[in-house]
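Please read the structure below before turning to the comments.
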Amino acid sequence: MSAQALAWTMLGGVLLDAALGEPRRAHPLVGFGRMARALENALHADRRVRGAAAWALAVVPLSAAAGALHWALWQWSPWLGGAYAAAMLYLAIGLRSLREHAAPVADALQAGELERARAAVGRIVSRDTQALDSERVAAAATESVLENGSDAVFAALFWFALLGPAGAVLYRLSNTLDAMWGYRTARFERFGWAAARIDDALNWLPARLTALTYAALGHGRRALRCWRAQAPAWDSPNAGPVMAAGAGALGVRLGGAAPYHGVWEARPLLGEGAAPDAGSIRRALALVERGTVLWLIVVAAVAALERWHAYV
């Protein structure tokens, strides 16, 4: 796609997400999840090569098909090809879903309803929410918004910009398999190794662009300082930069000990400044949304520059 076509299709995908939100019925990822479970049952073994083969069978044909269909539709009609591309991006991103899941946590905290806030945050994090006080509930939701801003929004936009619908499908399916297989358990330690490592690789550059986006739209100097000092201590090579920079940009304290499966696990501190509350959740959502607008503006500017060069 030309930069101009890319700008329009990216805008179309983001607007579709804003208008429709996540599909309530017949979401393609539900069908993909069933197929992935069938592949896992058929190919599972305590071997990395088996997991890599399962990943390739699940992801490569569908990504190639998405790219081939886009090319065919574009040859027939650029308008139809563009509409298809926008639809595929819409299915790959989750900006509105991010707000729909995180805003109820902020609303419940602001109303002083801790139990409702715990229930709401339990839908988006894996920690033991009944053990959380209001500050830790706010921290969990804010961390989730910052991290999923990278995973569910910016990484999908990045791979779509780079490879079109094929890139969006490649990234979203890979990210889904990481969520299904990328665990350090007896069953997935080896079988899920490829899914986890490939997802890390696909997210490496988008995560750092996300961190830069947070820094650009928040307190930049503090965001960069927290990224440099705190991210290396985080387990995830991609979540660390994103959440450290995001927390610094917002001026909020995140990280720290959190309960998982009845055990409080020590985690590094992230950010600096005020304790998290309902406002920090809302400011994190606004940061992701402003970042999305910024990315669209950058792509539109590149398209305008390309068009200007065509006339001179």
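These numbers come from the heavy atoms of this one structure, side chains and all, not from hydrogens, waters or symmetry mates.
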Return yes if some donor-acceptor pair links the side-chain N/O of [X] with the main-chain N/O of [Y] below 3.5 Å, else return no.
{"X": "Arg267", "Y": "Gly256", "value": "yes"}
{"X": "Arg253", "Y": "Gly273", "value": "yes"}
{"X": "Tyr214", "Y": "Met243", "value": "no"}
{"X": "Arg172", "Y": "Ala92", "value": "yes"}
{"X": "Thr292", "Y": "Val288", "value": "yes"}
{"X": "Gln230", "Y": "Gly271", "value": "yes"}
{"X": "Arg118", "Y": "Leu132", "value": "yes"}
{"X": "Arg50", "Y": "Leu43", "value": "yes"}

query = Sequence neighbours excluded, which residues qualify as side chain to side chain contact (heavy atoms under 4.5 Å, CB included) partners of Asp133?
reply =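 Partners of Asp133 by the side chain to side chain contact (heavy atoms under 4.5 Å, CB included) criterion, ordered by chain and then number, come out as Glu135, Arg136.
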
inquiry  = For Val105 versus Ala120, what's the shortest heavy-atom pair and its separation?
reply    =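 The pair with the smallest heavy-atom distance is CG2-CB, 3.6 Å.
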
inquiry  = Checking side chain to side chain donor-acceptor pair (under 3.5 Å) between Glu272 and each of Arg222, His219, Arg225, which is the one that passes?
reply    =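 Single pass found, and it is Arg225.
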
message = Just checking Asn41: does its CG atom have more than 12 heavy atoms from other residues, nucleotides or ligands closer to it than 6.0 angstrom?
response =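 Result for CG/Asn41: enclosed.
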
request  = Step through the shown structure and confirm whether more than 12 heavy atoms of other residues, nucleotides or ligands are within 6.0 Å of CZ on Arg116.
outcome  =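 Atom CZ in Arg116 is packed in, count exceeds 12.
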
Side-chain donor-acceptor contacts of residues 61-69 below 3.5 Å, not counting sequence neighbours, with atom names and distances?
unit_1, atom_1, unit_2, atom_2, d
Ser63, OG, Val59, O, 2.9
Ser63, OG, Leu170, N, 3.4

message = Apply side chain to side chain contact (heavy atoms under 4.5 Å, CB included) to residues Asp277 and Val252 and explain how you reach the verdict.
response = CA-CA 9 Å; Asp277 57 13; Val252 66; over 6 Å; no

message = For His44, give me all partners under ring pair (Phe, Tyr, Trp, His ring centres under 6.0 Å), at least two apart in sequence or on another chain.
response =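 Ring pair (Phe, Tyr, Trp, His ring centres under 6.0 Å) list for His44, sorted by chain: Phe191.
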
query = Which residues satisfy the ring pair (Phe, Tyr, Trp, His ring centres under 6.0 Å) test with Trp74, sequence neighbours excluded?
reply =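 Trp74 satisfies ring pair (Phe, Tyr, Trp, His ring centres under 6.0 Å) with His70 once adjacent residues are dropped.
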
Side chains of residues 10-23: which donor-acceptor partners sit under 3.5 Å, not counting sequence neighbours?
unit_1, atom_1, unit_2, atom_2, d
Asp17, OD2, Leu95, N, 3.4
Asp17, OD2, Arg96, N, 2.9

Return a table of donor-acceptor pairs under 3.5 angstrom between the side chains of residues 194-213 and protein atoms on other chains or two or more places apart.
unit_1, atom_1, unit_2, atom_2, d
Arg197, NE, Asp200, OD2, 3.4
Arg197, NH2, Asp200, OD2, 3.0
Asp199, OD1, Asn175, ND2, 3.1
Asp199, OD1, Asn203, ND2, 3.2
Asp199, OD2, Asn203, ND2, 3.3
Asn203, OD1, Tyr171, OH, 3.1
Asn203, ND2, Asp199, O, 3.1
Arg208, NH1, Trp204, O, 2.9
Arg208, NH1, Asn238, OD1, 2.9
Arg208, NH2, Pro237, O, 2.7
Thr210, OG1, Pro206, O, 2.8
Thr213, OG1, Leu209, O, 2.8
Thr213, OG1, Trp295, NE1, 2.8

